[in-house]
Student: 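Pasting a structure below so you can have a look.
In what follows, residues are counted from 1 in the order of the sequence shown.
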Amino acid sequence: MTSAPQLLTDPFLQLPTETSIRVVWFTEFVGQHTVSYGKNLAETVVATTTQLSHTREDQNSQVANQTEYQQPIKRNIWRHEAEVTGLTCGVRVFYCVTSVREDGESVSSDVFTLAPSPKPGTPLKILLTSDHQIKPMVAANLQKMVETVGRVDAVWFAGDLVNVSDRASEWFDDNHGGAFFPCLQGRANYKIDNTFYTGGQIIQHAPMFTCIGNHEIMGRARTESLNDEFDDTIPRVVAQKLYGEKSLKDNSFNTDTYEEIFTLPQSQEGGKTYYATSFGDVRLVVLYATNMWRTPNMDADAKGRYRERDADLKTSENWGYGQHIYEAINKGSKQYNWLVEELNSPEFKQAKYKVVMLHHPPHSLGGNIVPAYTDPVQIIERDEDGNIKAVRYEYPKNADYIIRDIIPLLEAAEVQFVFYGHSHLWNRFCSQSGMHFLETSNVGNSYGANWGENKREVPIGYQEDYAEVGDPNGLEPIIPSIAPLLGEDGKPLPYIASNNITVFSIFDTETGTISSYRFDTRKLNSKVVKFDEFKLK
């Protein structure tokens, strides 16, 4: 007998307007698919089905059915989307989805609720999160968030949703129990110290707005594993020289899986990669600001931030080109010009709260803020015979595009709040003008805070001065306002960087406050602690 059909995910909500919202879900069969909604679920709308083009599994996959692969193999996954229309602001409507397989067997989801985009003046609670990457504490984090706050009205996700974007199981059913969608839909099953966490039923009821982090980007399609492919991005201009115009994305980098999974607001210039949207009292501006993460290690075999491997010096097609930037954001670029236009738009100027979300940190104690966010300057050293003896990269601090070009724009436009991730910690800052910066990405695991004796790994003897500790861009981190953690010296710490304590943050638009909470996964019966709160002007 054929097993009963299953949904690969619960439905989740995308792209709300004043009168409509999209319902999206996934299966592993083509079939026919509908959304039922309204009173007694009497209204029905048929979904449009598309197949994901890049989803695969490989030898590093942890697939639910334990299938083992020797190399990347395509995994057939279909996406279903239906637009529910005729909605009224402030009125929640019941809905469920039904998928009918080719043999006529069907499966339906549970019943959830949806609503269109809220009007200005509507009090909202918005979850701020990032850097899930199927890390150990995500399910606990989201479960405790729901237990503490209840249902939120939206999710803002500041990038790095999974580890390897084309690996399907990381999105849907990694057998460790902590894949992306299960954690956000209360269907996770992740074990920490003999306790299983389920995540939270969140995005079935609340739309999610995301931005691109470095883990949403896949590299050259020429390797034997998805990990290798993810690690092998090169700049477009280099790919053009090596391969010409043919299959330029496949020979440099792409965000195809990310863009196929989500239905997001779009800008004419950037599509889904950077955009702006209004939601209640908030104008949310989402930037595409991320670069290739490379190791700071300076060993001879390091394809790193600051150097190429010795073994690759004669084969430039194997070079990594340092921490190259994926989408230009410097002054005069297409994205910069779009941002200038957005900051001058009526929708932005009239919003009560003006918020910017991006992945790369403007201010941080984390390791990933060094070097400066700028195009790497390649320096090739040769011997007397002209042979390459070293290839290294410098990052001029005075050319940091976010600090030099973007932040002055945001200050002038009176942005109150900048939200980001990337370094897997919690810390916040405030500029002299009163613009708040929050990095709240201590969700799954942390790479530490560079504070006190914990120094960043930086090159010695290079032209630039690379900051070993603190925020390289000049702001002092703020001590949490309610219940900071204490260091070994008994003094309050201006950060949380832990592999045991997980953090989530909530933006309450009714009061303009952003509250951060922590939960110690080692103490099962301990309470969630609100440890910081600040208010936007």
Student: May I ask you to check whether over 12 heavy atoms, not counting those of N387, lie within 6.0 Å of atom CG?
Tutor: yes
Student: With a 6.0 Å cut-off (strictly less than), is the heavy-atom count around NZ of K455, excluding the residue itself, greater than 12?
Tutor: no
Student: If you compare all heavy atoms of I261 against all heavy atoms of F12, which two are closest, and at what distance to 0.1 Å?
Tutor: O-CZ, 4.1 Å
Student: Take atom CD of E347 as the centre, draw a 6.0 Å sphere, and report whether it contains more than 12 heavy atoms from other residues, nucleotides or ligands.
Tutor: yes
Student: Please name the pair of heavy atoms, one in Y462 and one in R307, separated by the smallest distance, quoted to 0.1 Å.
Tutor: OH-CB, 4.3 Å
Student: Verify the neighbour count for atom CD of E411: are there more than 12 heavy atoms of other residues, nucleotides or ligands below 6.0 Å?
Tutor: yes
Student: Is the backbone of T290 close enough, under 3.5 Å, to the side chain of Y373 for a donor and an acceptor to pair up by distance?
Tutor: yes
Student: List for me each residue that meets ring-ring contact (aromatic ring centres under 6.0 Å, His included) alongside F230, sequence neighbours excluded, and say none if there are none.
Tutor: H215
Student: So which of Q59, E57, E229 actually passes side-chain contact (heavy atoms from CB on, under 4.5 Å) with P72?
Tutor: Q59
Student: For a side-chain contact (heavy atoms from CB on, under 4.5 Å) check, start with the C-alpha distance between N227 and R167, then their side-chain angles and the critical distance, and finish with the verdict.
Tutor: CA-CA 9 Å; N227 283 21; R167 186 175 289 129; 2.5 Å; yes
Student: With side-chain contact (heavy atoms from CB on, under 4.5 Å) as the test, would you mind laying out the steps for L248 and R236 before giving the verdict?
Tutor: CA-CA 7 Å; L248 195 55; R236 294 260 200 260; 4.1 Å; yes
Student: List the atom of F209, the atom of M357, and the distance in Å for their closest heavy-atom pair.
Tutor: O-CE, 3.6 Å
Student: Out of the candidates W338, Y288, Y326, only one should pair with Y274 under the ring-ring contact (aromatic ring centres under 6.0 Å, His included) rule; please name it.
Tutor: W338
Student: Of the options D228, D232, D312, D310, which is the one that meets K303 in a salt bridge (Lys or Arg N to Asp or Glu O under 4.0 Å)?
Tutor: D232
Student: For F180, run the ring-ring contact (aromatic ring centres under 6.0 Å, His included) check against F157, F172, Y258 and tell me which one passes.
Tutor: F157
Student: Listing request: all salt bridge (Lys or Arg N to Asp or Glu O under 4.0 Å) pairs with a residue in residues 390-410, at least two apart in sequence or in separate chains.
Tutor: E381-R392, R392-E394
Student: Quick one: ring-ring contact (aromatic ring centres under 6.0 Å, His included) partners of Y466, sequence neighbours excluded?
Tutor: Y306
Student: Compare every heavy atom of W78 with every heavy atom of H80, then report the nearest pair and how far apart it is.
Tutor: NE2-O, 3.5 Å
Student: If I take atom CD from residue Q416 and atom CD1 from residue I514, how far apart are they, to the nearest 0.5 angstrom?
Tutor: 9.5 Å
Student: Apply side-chain hydrogen bond (donor to acceptor under 3.5 Å, both in side chains) to residues Q323 and R305 and explain how you reach the verdict.
Tutor: CA-CA 6 Å; Q323 293 203 158; R305 298 178 189 185; 2.9 Å; yes
Student: So W156 and F419, would you call those rings parallel, tilted or perpendicular, with 30° and 60° as cut-offs?
Tutor: tilted
Student: Does Q378 have more than 12 heavy atoms from other residues, nucleotides or ligands lying within 6.0 Å of its CD?
Tutor: yes
Student: Mind checking whether H363 and F429 have parallel, tilted or perpendicular rings, split at 30° and 60°?
Tutor: tilted
Student: Can you confirm whether I406 sits close enough to Y401 that some side-chain heavy atom of one is under 4.5 Å from a side-chain heavy atom of the other?
Tutor: no
Student: Donor-acceptor pair, distance only, cut-off 3.5 Å: does the side chain of D174 make one with the backbone of G178?
Tutor: no
Student: Nearest 0.5 Å please: distance from the NZ atom of K314 over to the CD1 atom of I388.
Tutor: 10.0 Å
